[in-house]
Amino acid sequence: MASLKTVLCLGVCLSAWIICTADNNNAPKVENVRWVSLDFKTILTWTTTKSNHTYTVQFSEDNGDMRETPDCIELSDAECDLTNYLEPYDRTYTADVKTEPVSDDFDYILEEMPHTYSPPFNPYRDSNISAVKVTVEPVDESRVIINITDPLTGIHKSGKQLTIREILKNDLMYKISYYKSGSTGKRDIIAPSTVTEVSNLDAGQSYCFMVAAFIPSRPKVSQLGAWSVQSCTQRDPDILQELSLEAWVGAVFISLTVLIIIITVTVLCCRCCQQRNRRHTSQSSGPI
Ligand SMILES: *[C@@H]1O[C@H](CO)[C@@H](O)[C@H](O)[C@H]1NC(C)=O
Ligand SMILES: *[C@@H]1O[C@H](CO)[C@@H](O)[C@H](O)[C@H]1NC(C)=O
Ligand SMILES: *[C@@H]1O[C@H](CO)[C@@H](O)[C@H](O)[C@H]1NC(C)=O
């Protein structure tokens, strides 16, 4: 009798275990967990094979305890915005994405759910930086002022959206790359501030400038932000040099036309005068 009880008990336990395992198998691990971060707006993304599961994200700072965020619990989307939680910025964060069972009939234990870790991520070092805005103002024949406007970040502090400068502070520099129009040689300057004078330019030539945020303290792959659009100075308006072939042809054509009109008008006028004169002479000489 006792042994039957044991067998029954075992059977029940076994089937319960099978059901539990089946449920767990039902909830697949997520794949390709990765960080997408631009200007300190940081989103964790992943891919899944089955559609209707929910996901809960936990994360740790410098391998500390795992924490949850109210924004990333029981998500049905395959992404979670962690921008506001990854602070201080210069820390290494690791996230863990757990797949929740489809049915919520029983209390599952978070630790036992299938889960996938993200690669480590440090916003201060790894967040991509978008292009700065640039204006180029000529000072004199051989100097220009480059004026740079920093991109805004995804981080708000007391109702204000911070710029990349407000986060990176003195670690933020700029790489200014420029070339003389029509030449292939490029020159690079590293500048620490948003207003920079570039001198020793050839007088009267057009130059084109591009600027990118540059953070030398970062690892090589993430040091350089996106390049700005190119901004060029005007060549001195030296008329003879500037005129194109079409302009020359046009100018010659117009001059010729004007000349022909003048000649025609002169000839016609002369004929007119001569005729009037002749008529006058013949009239006056007639009655005599
Ligand atoms: C930064 O940009 C590069 C190139 O587009 C991309 O491969 C990388 O995944 C991006 N990194 C982050 C953290 O978004
Ligand atoms: C899963 O999604 C399908 C359709 O996409 C739906 O028919 C089914 O009821 C869902 N299952 C659960 C358990 O939500
Ligand atoms: C740089 O540009 C900003 C915005 O366009 C402007 O407010 C500022 O006066 C400019 N600074 C210089 C030195 O030209």
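The figures that follow rest on heavy atoms only: side chains count, while hydrogens, waters and symmetry mates do not. Both ligands and their constituent atoms are indexed starting at 1 by order of listing.
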May I ask you to decide whether E68 forms a salt bridge with K98, counting only side-chain N to carboxylate O separations under 4.0 Å?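 Salt bridge between E68 and K98, a charged N being under 4.0 Å from a carboxylate O: no.
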Salt bridge check, K41 against D81: does any charged N sit closer than 4.0 Å to a carboxylate O?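 Here D81 pairs with K41 in a salt bridge, since their nearest N and O are under 4.0 Å apart.
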Determine, counting only non-hydrogen atoms of the protein, whether one lies under 4.0 angstrom from atom 5 (O) of ligand 1.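 Within 4.0 Å: no protein heavy atom nearby.
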Just to confirm, does any protein heavy atom lie below 4.0 Å from atom 2 (O) of ligand 1?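 Within 4.0 Å: yes, protein heavy atom nearby.
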Can a donor-acceptor pair be found between the side chains of Y93 and D62 at a distance below 3.5 Å?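 No, D62 and Y93 have no side-chain donor paired with an acceptor closer than 3.5 Å.
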Any N/O of S37 closer than 3.5 Å to an N/O of ligand 1?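 Looking only at distances, the answer is yes, because the N/O contact criterion of under 3.5 Å is met.
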Provide the number and element of each atom of ligand 1 under 4.0 Å from a heavy atom of [X].
X: D126; result: 13 (C)
X: W35; result: 12 (C), 13 (C), 14 (O)
X: N128; result: 1 (C), 2 (O), 3 (C), 8 (C), 10 (C), 11 (N), 12 (C), 14 (O)
X: V36; result: 14 (O)

Closer than 3.5 angstrom, by distance alone: can the side chain of [X] be matched with the main-chain N or O of [Y] as a donor-acceptor pair?
X: S142; Y: D202; answer: no
X: S118; Y: V33; answer: no
X: D140; Y: R143; answer: yes

If we only count N/O pairs under 3.5 Å, is N147 in contact with ligand 3?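 By distance alone, the answer is yes.
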Protein contact to atom 9 (O) of ligand 1 [nearest heavy atom, distance to 0.1 Å]: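 Checking every protein heavy atom, the shortest distance to atom 9 (O) of ligand 1 gives R34 NH1, 4.2 Å.
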Ring centre gap for Y174 and F214 strictly below 6.0 Å: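 For Y174 and F214, the ring centres are not under 6.0 Å apart.
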